[in-house]
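Following: one structure in structure tokens, then a few remarks.
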Amino acid sequence: MLLRWGQLNSKRTAATSNSSRLVEQTDPPLREAGGWNHRAPLRLSRTDLPTACKVANRRYHPPSQVFLRAVPIAIAKMRLIIRENKQQTSLWVAEYIVHRINAFKPSKDRPFVLGLPTGSSPELVYANLVKFYKNGRVSFKHVVTFNMDEYVGIPTSHPQSYHSFMFKHLFQHVDIPPSQIHIPSLENYQQYDDLIAKYGGIELFLCGVGSDGHIAFNEPGSSLSSKTRIKTLTKETIMANARFFDGNIEAVPKSAITVGVKTVIDAREVVLIADGRGKAEAVRQALEGSISHMWTVTALQMHPKFVMAVDEAATEELRVKTVKYFKEIEGDQDKPKAKL
Ligand SMILES: N[C@@H]1[C@@H](O)[C@H](O)[C@@H](COP(=O)(O)O)O[C@@H]1O
């Protein structure tokens, strides 16, 4: 059921009156409200529901409890941030994450839930986050993380496991309590999406992208409504990742556990970082291509809050018109804070 939130004549309208909201009924299943804030799924009481149904011209079926999910559509937008090189792009993304965490004012009861990738794309972002933590600009004490993927077939202690990567580049240098770190594994992957939901969903999902347009390990052909599961890797991905295994294709695991495309889209914000000529076609597909499961990154076009941060080289396949348009939009916001 889709409703304009503003159409609902309810006290809650005042609480969310800053923007009109698209309200989607998600009943069944009935879900726990614990930890949700006003930007997350919203619970309507039984007394609200008949009005909601009337406005939506839908028949009212009294349930025991109904939850409505509110998405702020008035602020829906896609951003393309272009910086000269990888260093500057990574700095922008790290600044943005720090800004988002601090603006959220996370606490023990209301942590900031952050989705994280591995790969060469986010390495410098993590280096900057560590620097900002050491300078006292950000704390990860009330941040809960969910990594997007992990290889199957190598132990977590393997130097190329995503587990090792995350500790080496971020976790061991910051104040995040180990209990707040989540990395998919054979043991937890079937409950992974439920666990994310228990924390109220992911506030910001940072992503990289493969040169064939895959996000996490959602290889071409993956369902755009997929959730966390085991995937067989494509030859291209195995070859691309052989560089982390001394160029030995045989040493690269052939499958991985990955969050689904839907797991990523369900985050309240997605920030994608890409650099270099090798990502230019994926960036083009993400921005100018049609939504297709053959380029899973294109699913992000449907996201109400999607930011792509790329370097100049990664824009090489985009139309001049597209680059100009986004540069103009971002150029309007000259103040450093507004740029965030
Ligand atoms: N599963 C990872 C992705 O999460 C990552 O985005 C992609 C690109 O990696 P890189 O940033 O090293 O180019 O590679 C792997 O397949």
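Put simply, the side chain of S226 never gets that close to the backbone of G260: no donor and acceptor are under 3.5 Å apart. R229 contributes a side-chain N or O that, together with a main-chain N or O of K227, makes up a donor-acceptor pair within less than 3.5 Å. In this structure, D246 contributes its side chain and N248 its backbone to no donor-acceptor pair below 3.5 Å. Side-chain atoms of D275 do not come within 3.5 Å of backbone N or O of S90 as any donor-acceptor pair. Judged purely by atom type and a 3.5 angstrom limit, E317 has no side-chain atom pairing as donor or acceptor with the backbone of R284. Between the side chain of Q160 and the main chain of F244, a donor-acceptor pair closer than 3.5 Å is present.
At a threshold of 4.5 Å between non-hydrogen side-chain atoms, the residues H214 and V297 do not count as touching. You'll find the side chain of T89 stays beyond 4.5 Å of the side chain of I81, heavy atoms only.
Nearest heavy-atom pair across A274 and V283 is CB-CG2, 3.9 Å. Counting all heavy atoms, side chain and backbone alike, A314 lies closest to V310 at CB-CB, 4.0 Å. V93 and A309 get closest at one heavy-atom pair: CG2-CB, 3.5 Å. Contact between S161 and P155 at its shortest, heavy atoms only, is CB-O, 3.6 Å.
For the salt bridge (Lys or Arg N to Asp or Glu O under 4.0 Å) test, no residue two or more places apart in sequence or in another chain qualifies with E236. Listed by chain and number, the residues in a side chain to side chain contact (heavy atoms under 4.5 Å, CB included) with H142 are P106, K108 (sequence neighbours excluded).
Between I181 atom CD1 and M166 atom CE the span is 8.0 Å, to the nearest 0.5 Å. The NE2 atom of H163 sits 14.0 Å away from the NE2 atom of H158 when rounded to the nearest 0.5 Å. Here SG of C207 is found 3.5 Å from CE of M148. Values are rounded to the nearest 0.5 Å. For the atom pair CD1 of I183 and CG of N188, the computed distance is 9.5 Å after rounding to the nearest 0.5 Å. Rounded to the nearest 0.5 Å, atoms OG1 (T263) and CG (D149) are 11.5 Å apart. In this structure, the separation between CD on E288 and OG1 on T298 is 13.0 Å, given to the nearest 0.5 Å.
For an aromatic pair to be called close, the ring centres must be under 6.0 Å apart, and H182 with Y199 satisfies this. Residues F140 and F112 place their aromatic rings such that the two centres sit no closer than 6.0 Å. Aromatic ring centroids of F245 and Y151 lie under 6.0 Å apart.
With salt bridges taken as basic N to acidic carboxylate O contacts below 4.0 Å, one links R100 and E269. Checked for salt-bridge contact, E123 and K168 miss the test: no charged N lies under 4.0 Å from a carboxylate O.
Among K327, K279, K86, R83, the single residue meeting the salt bridge (charged side-chain N to carboxylate O under 4.0 Å, His left out) criterion with E312 is K327. Just one residue in the list I215, I291, V264 forms a side chain to side chain contact (heavy atoms under 4.5 Å, CB included) with T296, and that residue is I215.
Remark: the K254 side chain and the T232 side chain contain no N/O donor-acceptor pair separated by less than 3.5 Å. Side-chain polar atoms of S185 and E150 form no donor-acceptor pair below 3.5 angstrom.
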Item to complete: Mind running side chain to side chain contact (heavy atoms under 4.5 Å, CB included) on S211 and E281 for me, showing each step along the way?
Response: CA-CA 7 Å; S211 52; E281 181 56 20; over 6 Å; no
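Using cut-offs of 30° and 60° on the angle between ring planes, the pair F171 and F167 is perpendicular. Under the 30°/60° scheme for interplanar angles, the aromatic rings of F165 and H169 are found to be tilted.
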